[in-house]
Protein chains: 2
Amino acid sequence: MMAQSGTVDRILDAAEELFAERGFSETSLRMITRKAGVNLAAVNYHFGSKNALIHAVFARFLSPFSQIIDQELDKRMVAGKVPASVEELLIIMTSSIVRVPTCSKNGLPVFMRLLGLAYTQSQGHLRKSLESEYKQSFRRFMKVFKDATPELTSIERFWRIQFTMGAMAFTMSSSHALNDILQSDLGVTTSTDDIVTHFVPFVAAGMKASPADVGKPVAEMPDQSAQYRYQP
Amino acid sequence: MMAQSGTVDRILDAAEELFAERGFSETSLRMITRKAGVNLAAVNYHFGSKNALIHAVFARFLSPFSQIIDQELDKRMVAGKVPASVEELLIIMTSSIVRVPTCSKNGLPVFMRLLGLAYTQSQGHLRKSLESEYKQSFRRFMKVFKDATPELTSIERFWRIQFTMGAMAFTMSSSHALNDILQSDLGVTTSTDDIVTHFVPFVAAGMKASPADVGKPVAEMPDQSAQYRYQP
DNA sequence: TGTACATCAGTGAACGCGCGTTCACTGATGTAC
DNA sequence: TGTACATCAGTGAACGCGCGTTCACTGATGTAC
């Protein structure tokens with residue numbers, strides 16, 4: 001007896017949404033199959049295991065994402081505009097992210113929250129396998145980014161990239177909750193595009209800040225404002 | 001038959017470390033009690049439930065944290081230096097965080113990772129109850145922060161605070177892994193204080209960046225460098 | 001055209017397992033008389 | 001000082017439950033002769 005067709009996609013859609021809402025361990029196959037309207041055993045039939053389903057969910061948006069990033073970088077190469085500015089690269093990255101979700105029936109917040117979850121959940125084993133799978137796109141972007149910030153030491157650039165990824169993953173992963181807070185406290189509605197518009201200038205300024213002297217102790221000092229003041 | 005004394009603390013230490021490593025759902029009471037060297041039933045005897053244990057773990061470091069932040073703000077009040085600068089507040093916050101972990105046997109990275117988990121895990125119900133529990137400290141800090149950034153709209157300030165918390169929670173929560181990468185790729189060792197020294201100028205510059213026009217589409221624009229450039 | 005067989009998506013029920021929790025119990029310590 | 005009782009930290013075994021997974025099975029469709 002067949003249910004209506006598209007079982008695989010219906011499972012992926014339901015899993016994507018539930019994973020984003022609740023995390024991986026907190027989402028059972030029974031929840032997913034109930035939401036998708038398919039038989040419990042269908043997940044193991046089509047994907048083999050719950051873990052394989054998780055990977056399939058990520059592959060469905062990370063593959064187009066890395067393709068789009070590659071395309072965007074190609075475009076810049078052809079146009080011959082090298083090196084890129086920090087803002088351009090941030091815009092390439094965020095606009096690529098924005099263009100991905102057409103692939104699934106769920107929207108951008110779900111996609112972003114999954115991106116955050118990949119980094120924060122499940123002891124990093126998921127993160128590592130995804131990193132190695134999309135290694136070449138990742139390295140290429142980092143190379144261009146390095147050219148865009150020649151004034152930074154490798155160490156400073158490393159930490160600033162971490163701060164940026166953290167700000168993005170964290171914000172996006174809780175964007176639904178944050179929108180609720182904004183709605184009730186300030187009475188405004190914010191789209192994901194709006195978040196990006198706030199995000200780019202913040203990170204761009206941080207990337208260009210003149211670094212403080214590293215090595216001096218920070219804690220317990222009386223007043224170090226001058227040390228950290230941005231010098232344009 | 002008594003095991004050695006300090007059962008409650010040994011449970012809290014073990015739970016803290018395992019939660020930070022694996023998350024809440026992925027950590028069973030059997031793992032915790034095995035690591036702590038106590039009987040399985042001791043958790044429910046002393047705390048009542050697994051959920052109550054999670055709350056106790058957070059209370060043990062959030063209570064001293066909010067006390068320390070309050071003390072630091074009091075110090076500034078007495079000194080009469082109002083309003084504070086963004087850098088001062090960031091330093092107060094980061095140095096308060098650095099001073100907390102003496103309360104448990106685990107260090108700063110564990111504390112930071114828990115802070116990150118509280119925001120990203122378990123559907124926000126944990127975050128909400130913690131927010132209401134430490135509401136007054138939180139509000140006080142936000143009030144001072146608002147005075148330090150009068151040029152920002154409430155919405156911009158809200159998002160920039162989220163970006164900051166994200167950068168901090170994300171970086172600190174994976175600081176061990178990140179240090180490993182730094183060590184093997186660039187051959188340098190970095191202390192938590194060093195991270196803070198990188199963190200403060202980055203975030204301070206982001207906080208002071210001139211905001212972009214909100215409402216304009218961001219994706220696919222050719223080059224908006226000038227729009228986002230920091231204007232001192 | 002008709003029959004036999006193979007393939008495939010999907011199904012329903014059951015499997016064993018690890019989970020959080022419960023409960024009757026132990027044995028040490030403190031208190032009252 | 002001695003006995004009876006209460007309190008308390010901790011214990012060992014079992015409880016029911018929901019989990020991911022397995023398996024024999026169904027029924028539709030395609031293919032060979």
- Message: Walk me through whether A/Ser63 and A/Tyr134 qualify under side chain to side chain contact (heavy atoms under 4.5 Å, CB included).
- Response: CA-CA 8 Å; A/Ser63 295; A/Tyr134 300 98; 3.1 Å; yes
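- Comparing A/Asn51 and B/Ala42 along DNA chain D, the residue whose closest nucleotide (by nearest heavy atom) sits nearer the 5' end is B/Ala42.
- The CG atom of B/Asn39 sits 15 Å away from the P atom of C/dT26 (whole-angstrom rounding).
- Here B/Ser49 does not reach the OP1 or OP2 of C/dG20: none of its side-chain N or O atoms lies under 4.0 Å away.
- Base pairing in DNA chain C yields stems of at least 3 consecutive Watson-Crick or G-U pairs, both distances under 3.5 Å, namely C:2-33 with D:2-33.
- In this structure B/Lys146 satisfies the side-chain contact (heavy atoms from CB on, under 4.5 Å) test together with B/Arg157, sequence neighbours excluded.
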- Can B/His46 and B/Thr7 be said to form a side chain to side chain donor-acceptor pair (under 3.5 Å), step by step? CA-CA 9 Å; B/His46 286 290; B/Thr7 304; 5.0 Å; no
Please tabulate, one pair per line, each protein N/O and nucleotide N/O from nucleotides 17-19 of chain D that are separated by under 3.5 Å, including the distance.
from	atom 1	to	atom 2	distance (Å)
D/dC19	OP1	A/Ser28	OG	3.2

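- For the pair B/His46 and D/dG10, the criterion of a side-chain N or O lying under 4.0 Å from OP1 or OP2 is met.
- Per the geometry, CZ belonging to B/Phe47 stands 15 Å off P belonging to C/dG20, to the nearest Å.
- Between the CG atom of A/Leu40 and the P atom of C/dC15 there is a distance of 15 Å, given to the nearest Å.
- Heavy atoms only, all atoms of each residue included: B/Lys50 and B/Phe24 are closest at NZ-O, 3.1 Å.
- Between B/Asn44 and C/dG20 there is no side-chain N or O to OP1 or OP2 distance below 4.0 Å.
- Not a single side-chain hydrogen bond (donor to acceptor under 3.5 Å, both in side chains) links A/Ser184 to another residue, sequence neighbours left out.
- Note: A/Leu53 CG to A/Ile32 CD1 = 5.0 Å, rounded to the nearest 0.5 Å.
- With sequence neighbours left out, the side-chain contact (heavy atoms from CB on, under 4.5 Å) criterion links A/Val188 to A/Leu182, A/Leu186, A/Thr190, B/Ile155.
- Considering only the side chain of B/Tyr45, D/dC8 comes nearest among C/dG12, C/dG10, D/dC8.
- Residues satisfying the side-chain hydrogen bond (donor to acceptor under 3.5 Å, both in side chains) criterion with A/Lys143, sequence neighbours excluded, are A/Asp147.
- Taking CZ from B/Phe58 and CZ from B/Phe61, the interatomic distance works out to 5.0 Å, rounded to the nearest 0.5 Å.
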